[in-house]
Amino acid sequence: MTLSTADTARLDDFWRHCLEHQFFNIGYPENADFDYSALERFLRFSINNCGDWGEHSNYVLNSFDFEKDVMAYFADLFDIRREDSWGYVTNGGTEGNMFGCYLARELFPDGTLYYSRDTHYSVAKIVKLLRIKCRAVDALPNGEIDYDDLLAKIAADGERHPIIFANIGTTMRGAVDDIAIIQARLQQAGIARRDYYLHADAALSGMILPFVDTPQPFTFAAGIDSICVSGHKMIGSPIPCGIVVAKRRNVERISVEVDYISASDKTISGSRNGHTPMIMWAALRTHSPAQWRRRVAHSLKSAQYAVNRLRAGGIDAWRNPNSITVVFPCPSPGIARKYGLATSGDTAHLITTPHHRDTRFIDALIDEVIAEARPEVWRATLQRSWHANTQLPPRSTSWAGGARLDGR
Ligand SMILES: *Cc1c(COP(=O)(O)O)cnc(C)c1O
């Protein structure tokens, strides 16, 4: 490729921008700690996974073999027999949620979808696109769905086939809806297991809970019908991606035969990214369960560190069990912008993704939050000269990403 001098300069500028900001992210759950250099050479190929990885396709430049391995991994991780499951590599959590809702609607065309007010905004798009009847349910203060309100709304609607959209880690508060309570309450209400659908949105926590000591129940063994996880969040990926896993017998109802590629297509898009299955495959092949556990433990420890420091500074911070999302009162727009925080109403959060290998960036943010909200506490802190760094950490090669900050 030959670019003009001006265009090359423009790319160089963007390259510097990316280098400078690659580890900045603290308000969003994207983990930047990854290395897929072994896959870079495949970028010259138009790899396309159109259709079902389990079938033969006439489009030979596909990475179906890798996608199959990825799906086997997640079937095992989420407690469903490989032969009883079916799923694929998606464009991200939203597509996985859409796939789960699509399956549910095919099973229960007149069913109402219930989701808590703390649910990711993508569900609003999904119910519109799929024209599913829906009802927002109140959330408890920690972000979990309000089980009483859920059951009250199902009863008020006289709904015989509820579709429950459960959060396994909400976006703003990292709350996990209790699958066991939901199922027990539905049973008490006289709704049999075959008469409702339970989708689990585990965009971030789907790669956290399998690697903690006491996870909240969230797998097929716990009673879910489908689950989605984002690949660019806890795992980390240069291209947004994710997976969805569902029960094979439900998926078989939505298969569309396509003679053009001579395969059946159960997926939502036509052409599908052939590179992201390889990215996810490489991530899973290069990290043992023990390594995921270490990564998750590190992130959870960093989250608790942030809670402790904020609380010591007089800021009302907290987090849910097994969550790397630290919730605290919204700081000024200036701080939110400087640190790229996601805010909602009067709360903000920071997320201790694995690329925060030390606490310097977290400390810098917390220092500013305390100095702004509790100047008297902050002055006392400074007098004890405990932690006087109110500046962003200098751009060095050591604080987060090691040598890779230089662009390898
Ligand atoms: C991020 C997120 C999504 C959306 O996932 P994308 O990969 O961005 O499409 C859905 N649900 C939750 C809980 C999320 O955190």
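Given the structure is predicted, the values throughout are model-derived calculations rather than measurements. As the structure lists them, so they are numbered: ligands from 1, and atoms in each ligand from 1.
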Non-hydrogen atom of H232 closer than 4.0 Å to ligand 1 = yes
Which residue holds the protein heavy atom closest to atom 11 (N) of ligand 1, what is that atom called, and what is the gap in Å?
-> D201 OD2, 2.6 Å
Short N/O distance, under 3.5 Å, between T94 and ligand 1?
-> yes
Which ligand 1 atoms are under 4.0 Å away from a heavy-atom of S230?
-> 5 (O), 6 (P), 7 (O)
When you measure from the side chain of S63 to the backbone N and O of G274, does any donor-acceptor pair fall under 3.5 Å?
-> yes
For ligand 1, find out whether one of its N or O atoms is nearer than 3.5 Å to an N or O atom of T171.
-> yes
the protein heavy atom lying closest to atom 15 (O) of ligand 1 turns out to be K233 NZ, 2.8 Å
Going by the 4.0 angstrom heavy-atom rule, the piece of N97 near ligand 1 is side chain
Using only heavy-atom distances, determine whether the side chains of Y197 and E106 contain a donor-acceptor pair under 3.5 Å.
-> no
Find all atoms of ligand 1 within a distance of less than 4.0 Å from any non-hydrogen atom belonging to A203, and give their numbers and elements.
-> 2 (C), 3 (C), 10 (C), 11 (N), 12 (C), 14 (C), 15 (O)
Near G169 (heavy-atom distance under 4.0 Å), the atoms of ligand 1 are 13 (C)
Residue pair L300 / R319: nearest heavy atoms and the distance that separates them | CD2-NH1, 3.7 Å
Yes or no on salt bridge (charged side-chain N to carboxylate O under 4.0 Å, His left out) for D33 and R295, after CA distance, side-chain angles and deciding distance?
-> CA-CA 10 Å; D33 178 22; R295 252 184 168 197; 3.5 Å; yes
Any side-chain donor near an acceptor of the partner, D35 and S37, under 3.5 Å | yes
Which atoms of ligand 1 sit under 4.0 Å from any heavy atom of G93?
-> 5 (O), 6 (P), 7 (O), 9 (O)
M172, M98, H120: member with heavy atom nearest to atom 10 (C) of ligand 1 | H120
Should you measure from each heavy atom of G92, which atoms of ligand 1 turn up under 4.0 Å away?
-> 7 (O), 9 (O)
D13 and R16 ion-paired at < 4.0 Å | yes
State which residue, out of D138, D149, D146, fulfils the salt bridge (charged side-chain N to carboxylate O under 4.0 Å, His left out) condition with R117.
-> D138
Between N48 and S271, is any side-chain donor less than 3.5 angstrom from a side-chain acceptor?
-> yes
Nitrogen or oxygen atoms of T170 and ligand 1 under 3.5 Å apart | no
Tell me whether the guanidinium CZ or amine NZ of R193 lies under 6.0 angstrom from the six-membered ring centre of Y196 and within 45° of its axis.
-> yes
